[in-house]
2 protein chains.
Amino acid sequence: MEDITLKTIATKLGISISTVSRALKNHPDIRESTRQAVYELAEQLDYEPNQLAFQLLNRRSNTIGVVVPKISYALYLQALPGMAEVAEKHGYQLLICQTDDSYEKEVRQIHSLLSSRTSGVVLSMSANTTNYDHLLKIQRKNVPLVLFNRDCEEITCSKVLIDNHRAAYEATSVLIAQDRRKIAFFRGPEHLQISQKRFEGYSQALADHQISLNPDIIKIAADQEKDSTIAAITELFDSGAQHDAILAYSDQIAQWALVLAKQRGIRIPHDLAIIGFYNEPTNELLDPPLSSVSQPAYEMGIKAMELVFKELNSTRFAFERVVLESSLVLRGSSEVNSLPSQ
Amino acid sequence: MEDITLKTIATKLGISISTVSRALKNHPDIRESTRQAVYELAEQLDYEPNQLAFQLLNRRSNTIGVVVPKISYALYLQALPGMAEVAEKHGYQLLICQTDDSYEKEVRQIHSLLSSRTSGVVLSMSANTTNYDHLLKIQRKNVPLVLFNRDCEEITCSKVLIDNHRAAYEATSVLIAQDRRKIAFFRGPEHLQISQKRFEGYSQALADHQISLNPDIIKIAADQEKDSTIAAITELFDSGAQHDAILAYSDQIAQWALVLAKQRGIRIPHDLAIIGFYNEPTNELLDPPLSSVSQPAYEMGIKAMELVFKELNSTRFAFERVVLESSLVLRGSSEVNSLPSQ
DNA sequence: AAGGTTTGCGGAAAGGTTTGCGAAAATTAT
DNA sequence: ATAATTTTCGCAAACCTTTCCGCAAACCTT
């Protein structure tokens with residue numbers, strides 16, 4: 001079946017393309033009778049204006065690219081609806097890309113977005129991203145870029161973040177208040193700012209309570225790999241190093257720690273308290289349920305998208321840095337009063 | 001900043017646009033030396049091919065439109081990653097649209113997708129959709145359309161569904177097996193096939209156990225409206241009609257039923273068992289946790305997207321109807337053995 | 001009735017890419 | 001050296017829309 005274009009209508013009506021275009025846009029220059037005729041035929045033929053042609057003319061596709069490590073991570077799952085809402089309000093659509101925490105995929109996705117002349121980009125960096133040329137490229141093309149959740153200092157742009165330092169500090173403090181002083185820590189991906197900040201918050205809390213950092217109970221877990229996560233946890237357990245609590249960069253790690261600890265007969269939270277990050281829904285399914293730092297993902301999505309449009313609609317624009325509050329959700333895995341499971 | 005195009009490169013190099021185009025595509029007609037020169041300059045200028053122009057030429061934008069009532073519904077939240085995965089594999093991107101269960105929005109979104117010449121559409125209908133002209137329009141334009149989760153018989157196309165009849169039948173049977181015979185039912189949106197099928201499954205199970213349908217304990221709840229949901233539940237409770245179980249079209253309804261029942265001192269599951277649909281994560285948070293019919297959303301997403309590409313890549317195509325298995329997740333709200341809460 | 005104004009419409013360019021076809025340049029063959 | 005190839009590249013059309021500019025016809029003025 002042929003595509004219906006302005007030309008189709010113009011030819012059938014014996015008028016010019018520009019007249020058809022103007023008629024459909026209710027341009028005052030067009031006589032009522034011809035406008036009617038055009039409208040009727042357009043309706044009858046199911047004419048749909050070709051956005052592609054319009055976008056080419058406009059040099060922009062009214063679309064915002066959203067690049068995240070994994071859609072299925074709780075944080076992004078919750079942030080997406082917020083973004084969609086704001087975009088919808090502006091008449092824009094969302095192009096959602098997944099990087100699977102791979103730098104190469106991220107670069108490919110960014111190029112793809114740039115190539116389709118996206119009006120803006122909202123991005124949460126892949127864990128493996130250490131080179132930022134592709135992000136600089138976005139800015140060089142004058143496409144608004146907003147970073148959210150995962151920051152990096154090398155890029156200057158608007159950002160929507162959580163105070164990860166403070167969140168980790170609080171979580172650590174709660175554990176210390178429960179008289180736990182040998183708090184193990186699982187660090188996340190090395191070059192992720194949020195990972196670094198969480199570690200610093202943890203360190204600071206210890207320092208403020210005159211507890212010295214014990215490198216033996218600080219491990220690194222590149223959390224997207226199940227095997228390495230298990231390995232890191234096992235390493236801690238096998239090391240013999242004393243620990244009465246675990247603060248983990250992510251719930252994925254914390255969940256495994258909880259499961260593996262139980263397998264070893266470690267009582268939670270009696271012998272070992274555990275707190276993770278992100279407040280994944282599955283935390284509820286565990287026994288005991290896992291405590292976690294919850295982040296206002298929905299609001300992050302809204303804020304991030306709003307910043308894109310703010311930048312899009314102003315010629316001279318000052319980057320904004322929005323820091324939202326996280327909250328600590330305490331559950332059975334860290335409540336000193338709860339009975340040991342089993 | 002100027003957009004870098006083939007012309008930019010051509011002019012700087014003193015060659016023609018077509019030569020640049022061919023050079024970048026490694027066309028054999030191009031001398032190695034000029035190819036080199038073009039590549040270098042393109043690299044240096046951050047040239048990104050303009051997809052918009054290409055798509056216009058191609059008359060298609062390599063994009064699949066995904067239209068769902070609400071991204072945040074558990075089913076869609078889980079289906080999306082599956083879709084993204086398949087699309088990515090085919091080098092396509094996802095344009096995700098939300099209808100908020102409004103017919104008007106759905107029509108607008110569809111038109112928008114048609115207008116931007118989407119290569120295919122995956123759709124789960126809004127609850128208020130009773131007119132299907134916009135869907136027929138998709139098909140008239142020869143754009144592959146795949147319906148998932150929410151079906152409608154008026155449209156003939158590939159579909160990915162759950163056997164809602166069977167799921168409701170099973171859930172009802174479980175309740176009957178617990179010696180509950182006065183099972184109330186909350187129907188979902190009237191003209192939604194899945195709503196109808198669930199009701200039929202419920203009715204069938206009752207019939208197969210010689211239990212007659214009691215219209216007094218069958219209510220309708222247009223679940224997206226909190227107030228009407230509460231009203232429907234209150235109506236049941238206030239009616240004085242005997243009931244020892246509730247099967248609800250959605251978890252939203254079931255959750256409210258659970259909360260409201262507890263407020264009235266009704267013991268769950270002792271006095272009243274409750275089962276919902278969709279297995280929302282929040283079911284775990286309730287006390288007691290809510291039983292629910294879980295649907296393989298991720299697989300639905302994969303299947304649906306695969307069908308789009310199947311249709312896209314074959315000239316003469318036979319529609320497929322895929323029915324996936326759901327499973328009943330029994331939790332405290334319906335287990336006869338568990339102790340009454342409180 | 002001659003000039004000026006308004007009304008209604010068409011021509012053409014621009015946006016960036018791909019590609020068939022033809023033409024010039026370089027190569028080989030005679 | 002000329003003819004016959006082969007190699008390398010340019011022209012132009014096509015994809016569809018919007019919009020500036022201009023032109024003709026119809027209207028109004030005095």
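Just so we're on the same page: letters track the sequence lines, and every chain starts at 1.
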Using a cut-off of 4.0 Å on non-hydrogen atoms, how would the nucleic acid contact of [X] be classed: base, sugar-phosphate, or nothing?
{"X": "Ile30(A)", "answer": "sugar-phosphate"}
{"X": "Ile15(B)", "answer": "sugar-phosphate"}
{"X": "Asp29(B)", "answer": "base"}

Using both distances under 3.5 Å as the test, list the Watson-Crick or G-U wobble partner of dG22(D), or none.
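Pair assignment: dG22(D) / dC9(C).
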Need the pair for dC27(D). Rule: Watson-Crick or G-U wobble, both distances under 3.5 Å, any strand; none if unpaired.
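For dC27(D), the partner nucleotide comes out as dG4(C), under the 3.5 Å rule.
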Where the side chain of [X] is defined as all heavy atoms beyond and including C-beta, which of [options] is the nearest nucleotide?
{"X": "Leu6(A)", "options": "dT17(D), dT18(C), dC9(C)", "result": "dT17(D)"}
{"X": "Thr19(A)", "options": "dC9(D), dC9(C), dT18(C)", "result": "dC9(C)"}
{"X": "Ser18(A)", "options": "dT8(D), dC16(D), dT19(D)", "result": "dT19(D)"}
{"X": "Arg31(A)", "options": "dG15(C), dT8(D), dG8(C)", "result": "dG8(C)"}

Check this one for me: any side-chain N or O of [X] less than 4.0 Å away from OP1 or OP2 of [N]?
{"X": "Lys7(A)", "N": "dC16(D)", "answer": "no"}
{"X": "Tyr47(A)", "N": "dC16(D)", "answer": "no"}
{"X": "Arg59(B)", "N": "dC16(D)", "answer": "yes"}
{"X": "Arg22(B)", "N": "dC9(D)", "answer": "no"}

Distance under 6.0 Å and angle within 45° of the ring axis: does Arg150(A) meet both against Phe148(A)?
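Here Arg150(A) fails the 6.0 Å and 45° test against Phe148(A).
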Want to settle it: does Ile17(A) or Ile17(B) sit nearer the 5' end of DNA chain D, counting the closest nucleotide to each?
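Final value for this comparison: Ile17(B).
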Between CG of Leu123(A) and OG1 of Thr129(A), what distance do you get to the nearest 0.5 Å?
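That separation rounds to 7.5 Å.
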Check Lys303(B), Met305(B), Met300(B) against Met83(B) for a side chain to side chain contact (heavy atoms under 4.5 Å, CB included) and give me the one that passes.
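Answer to the side chain to side chain contact (heavy atoms under 4.5 Å, CB included) test with Met83(B) among Lys303(B), Met305(B), Met300(B): Met305(B).
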Of Pro28(A) and Gln51(B), whose nearest nucleotide on DNA chain C comes first from the 5' end?
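Comparing both residues, the 5'-ward one is Pro28(A).
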What about Ser16(B), does its side chain sit under 3.5 Å from the base of dC11(D) through a donor-acceptor pair?
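Result: no qualifying N/O pair found.
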Show, in sequence, the C-alpha distance, side-chain angles and deciding distance for Asp101(B) and Lys70(B), and conclude whether the salt bridge (charged side-chain N to carboxylate O under 4.0 Å, His left out) test is met.
CA-CA 7 Å; Asp101(B) 264 326; Lys70(B) 265 192 201 303; over 6 Å; no
Might you confirm whether atom NZ of Lys137(B) has over 12 heavy atoms from other residues, nucleotides or ligands at distances under 6.0 Å?
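Correct, the count exceeds 12.
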Integer-rounded Å distance: dT18(D) P and Asn58(A) CG:
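So the CG-P distance, Asn58(A) to dT18(D), works out to 10 Å.
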